[in-house]
2 protein chains.
Amino acid sequence: MKDLHIPYYIRLRDTLAEQIAAGAMAAHDKLPSERELKESYDINRVTVRQALMQLESEGLVYRLIRRGWYVSPPRLNYDPTNAIGFMQNVSAQGRVPSTVILSKSEIVATQWAREKLQLGAGEKQYLLRRRRLIDGHSVLVEHIHINAKLCSGLLDLTLEGSLTEVFKEQFDLKIARVEITMYPAPLPEAQADELQVIAGTPGLLLMRSSYDQHDNVVTFDQEFWRHDALQISLQVNN
Amino acid sequence: MKDLHIPYYIRLRDTLAEQIAAGAMAAHDKLPSERELKESYDINRVTVRQALMQLESEGLVYRLIRRGWYVSPPRLNYDPTNAIGFMQNVSAQGRVPSTVILSKSEIVATQWAREKLQLGAGEKQYLLRRRRLIDGHSVLVEHIHINAKLCSGLLDLTLEGSLTEVFKEQFDLKIARVEITMYPAPLPEAQADELQVIAGTPGLLLMRSSYDQHDNVVTFDQEFWRHDALQISLQVNN
DNA sequence: GAGTGGTCTAGACCACTTC
DNA sequence: AAGTGGTCTAGACCACTCC
């Protein structure tokens, strides 16, 4: 015999999901506080949180640490086979992109970066860290490791937009080939902090290696996305 | 001032993650029961579960309903730009694939399927539901909606392997173009049951439309993956 | 029948945000 | 100072699995 009882947290989850779907709450609206929900539905606060965390993993709501729960905006469409940059892609979908440079530095490549960038011992790399936003809300943090000898002086240029364009315009470097790997994974603590989400919340990890026309590695990029911020779409011709 | 206290559930999560990484437990090994962990680490069972659910969302452990928590195997590599089928892909990675046909039927296309398959009112579709496994463990459930008039009699053939091959060999249909959309999302209840996971656990939803050489829609496929079962990798040439 | 995980309660204290 | 979410306790009962 199957258990036919519907748990309270599932009912609350569905109730809230319906309200959101029905448009009773708009993107970025704040939900009632956990204690209010607890009173309204006469269930324990732990149970309320269980429902909210379900909705979070569905991408319907997100939270700001110690500030509350909010309705998620629609996902951004991302086509990894398309070379279009973040700024253009977001704009094309009728939303407002922005970029914050978190840090930029020239360092001696770590062993790990040396492998990824195919560098020898002692060679230099740039490390560029950026946070990117849609409609004023952070959606990803990225760490871009750059082969410094291919683009000396890069850090003095404008780095908010497409690096691919900067490489082409300023350094005559064409990105000829890109390798991408991605999978769902929780955000590491440092990146979670920067996205103002709690460590361990679901995320999407995307890594990208870019090669120039001579098949040198130009950049190795790690992107830490909010898991509810994007949807991957692509087209393949055989 | 930042809070420097490390929560118990984070400590337990890290402890278990280290044990797994160190190889103290192999793929599909059962973890100690929640009550054993509670005793061992002298924390509440709710807190133990919090740690386990974190590990689940990281893809390090999975659970079988009411049976326990187990160590996850490595992720399958999946290249959406590569036409290679599931069976071949799994084999190529040194693992053992299998397929279970859950149901197959010929039905009048629903409105929703009519749109996806670009069919007129009253036209027929096949619905094929399969579960696919790696090393004997279910990793996905798929619902394949098929344009019946392009491949009449399909359901009488062997359907465990690559449909793309069946189309080519038996119906002279070449899959010329594929559109894929995917995003992290929890598994719907029905699919969760079939994968023996609890409804609402994290998953990956992948939808695929296949077009033939005349740009007719041949199939529309919904795949419900365990979120920890795969990693997406692809290469793009510009 | 013993053991497991799934659900739930009624509290508590804390760090942090908001006012 | 009041309110919020984050963490945690010490129980409880249930459905189901395993033996």
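Below, chains carry the letters A, B, ... as their sequence lines are ordered, and counting in each starts from 1.
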- Message: What is the separation between atom NZ on A:K38 and atom C1' on D:dG3, rounded to the nearest whole Å?
- Response: 15 Å
- Task: Could you tell me whether B:R13 and B:E58 make a salt bridge, using a distance below 4.0 angstrom between a side-chain N and a carboxylate O?
- Result: yes
- Message: What is the distance, to the nearest angstrom, from the CG atom on A:N44 to the C1' atom on D:dA10?
- Response: 13 Å
- Taking only residues two or more places apart in sequence or in another chain, which ones pass side-chain contact (heavy atoms from CB on, under 4.5 Å) with B:K104? B:L128, B:L155, B:L159
Report each atom pair, protein N/O against N/O of nucleotides 5-7 of chain C, whose distance is under 3.5 angstrom.
residue	atom	partner	partner atom	Å
C:dG5	OP2	B:E34	N	2.8
C:dG5	N7	B:R35	NH1	2.7
C:dG5	N7	B:R45	NH2	3.4
C:dG5	O6	B:R35	NH2	3.1
C:dG6	OP1	B:R63	NH1	3.3
C:dG6	OP2	B:R49	NH1	2.5
C:dG6	OP2	B:R49	NH2	3.2
C:dG6	OP2	B:R63	NH1	3.3
C:dG6	N7	B:R45	NH2	2.7
C:dG6	O6	B:R45	NH1	3.3
C:dT7	OP1	A:Y9	OH	2.8
C:dT7	OP2	A:Y9	OH	3.2

- Does the side chain of B:L117 reach to within under 4.5 Å of the side chain of B:Q125, using non-hydrogen atoms? yes
- What is the distance from CD of B:Q196 to P of D:dC16, rounded to the nearest Å? 14 Å
Under 3.5 Å donor-acceptor pairs involving side-chain atoms of residues 202-209 of chain A, not counting sequence neighbours:
residue	atom	partner	partner atom	Å
A:R208	NH1	A:D221	OD2	3.0
A:R208	NH1	A:E223	OE2	2.7
A:R208	NH2	A:Y78	OH	2.7

- Query: Do A:E142 and A:R131 sit within salt-bridge range, that is, some charged N less than 4.0 Å from a carboxylate O?
  - Reply: no
